[in-house]
Amino acid sequence: MEFISDSLPQFYTDSNPPGSKPSEGANSPLIFIHGFPHTHELWKDQVTELSKHHRVVTYDLRGFGASAGNDGPLLIDFFADDLFALMDHLGVEDAHVCGLSMGGYIALRAVERFPKRFRSLILCDTAYKADTNAAKEKRANQIRQLRAEGLLAFAESYSDGVLTPETLVDLPEKLPQFRAMILQNSAKAVANGLVAMAARTDSTETLGKIGIPTLIVVGERDPVTPVSIAQEMQTAIRGSRLEIIPRVGHLSNFEAPDAFNSKLLHFLTPLKTS
Ligand code: MLT
């Protein structure tokens, strides 16, 4: 399915389009935001399981997967604009939002801008501070690598280390699936995503102002956004809950879907009043 944001056609999936069948919570869907450099397919196992209980929406971020990109610069704020455009298109006043990594940056920015449009916030394997100079330099090197070696080489080196050795042994299909997902994106989208992350705002001041139920999920061995960052967020966000998923790395939902889904259900079920 498609919605339009900033004149750009954007791809989304909706487990329960309004009018098709009655569903609890149909007015406040659970919207998943993928990270860098993924597509909506990151959430395949969540759609299968959680759509038994909730209206579940996934989408491809601007320029990624089947969604059109804009000319010129890309910012996390534009991704947040697209989330609001999606919610307007769905005709929903508010939503439960769940973002992983870059998707978490987008969710946090969206909650900062219009807190009343969210019933709850789920931050997975993500961070709240802006990039350090070292992180910006790393992104510049990744863009250099993309230009010099192309997307395939980038996908191979980027995916090394994102999943834990345990995942590689327990679920050997995950690495090729992850690489195939990266390759659904263009080199341009991947480079633009790196620039958008390097230019993102800092959300340190916002954490103390978040007033909606918040769940923080992190892989025990996340090498990109480690447990210590998740613990800082939990301390700063009033009443938030932290769930650490054992044995997994940066993609906790993808590496341990059953554990991840049960944490989300445990969090969301008491909130289902709409
Ligand atoms: C992601 O998974 O979205 C990115 O690795 C986040 C980042 O590089 O900051």
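Counting starts at 1 for both ligands and their atoms, following the listed order. The figures that follow rest on heavy atoms only: side chains count, while hydrogens, waters and symmetry mates do not.
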Step by step, would you call Asp131 with Lys138 a salt bridge (Lys or Arg N to Asp or Glu O under 4.0 Å)? CA-CA 10 Å; Asp131 269 10; Lys138 185 174 169 194; over 6 Å; no

Is there a side chain to side chain contact (heavy atoms under 4.5 Å, CB included) between Tyr128 and Glu232? Walk through the geometry before answering. CA-CA 9 Å; Tyr128 60 97; Glu232 288 167 16; 2.5 Å; yes

Please identify each residue that fulfils side-chain contact (heavy atoms from CB on, under 4.5 Å) with Val195, with sequence neighbours left out. Ile143

Parallel, tilted or perpendicular: which fits the ring planes of His96 and His54, with parallel below 30° and perpendicular above 60°? perpendicular

For Tyr158, all residues meeting ring-ring contact (aromatic ring centres under 6.0 Å, His included), sequence neighbours excluded: Phe36, Phe154

Show me the short polar-atom pairs for ligand 1: any N or O of it lying under 3.5 Å from a protein N or O, with distances only.
residue: ligand 1; atom: 2 (O); partner: Phe36; partner atom: O; Å: 3.2
residue: ligand 1; atom: 2 (O); partner: Ser101; partner atom: OG; Å: 2.8
residue: ligand 1; atom: 2 (O); partner: His250; partner atom: NE2; Å: 2.8
residue: ligand 1; atom: 3 (O); partner: Phe36; partner atom: N; Å: 2.7
residue: ligand 1; atom: 3 (O); partner: Ser101; partner atom: OG; Å: 3.0
residue: ligand 1; atom: 3 (O); partner: Met102; partner atom: N; Å: 2.8
residue: ligand 1; atom: 5 (O); partner: Tyr158; partner atom: OH; Å: 2.8
residue: ligand 1; atom: 8 (O); partner: Arg139; partner atom: NH1; Å: 3.0
residue: ligand 1; atom: 9 (O); partner: Tyr105; partner atom: OH; Å: 2.5
residue: ligand 1; atom: 9 (O); partner: Arg139; partner atom: NH2; Å: 2.8

Residues at least two apart in sequence or cross-chain that pass salt bridge (Lys or Arg N to Asp or Glu O under 4.0 Å) with Lys44, listed by chain then number, are none

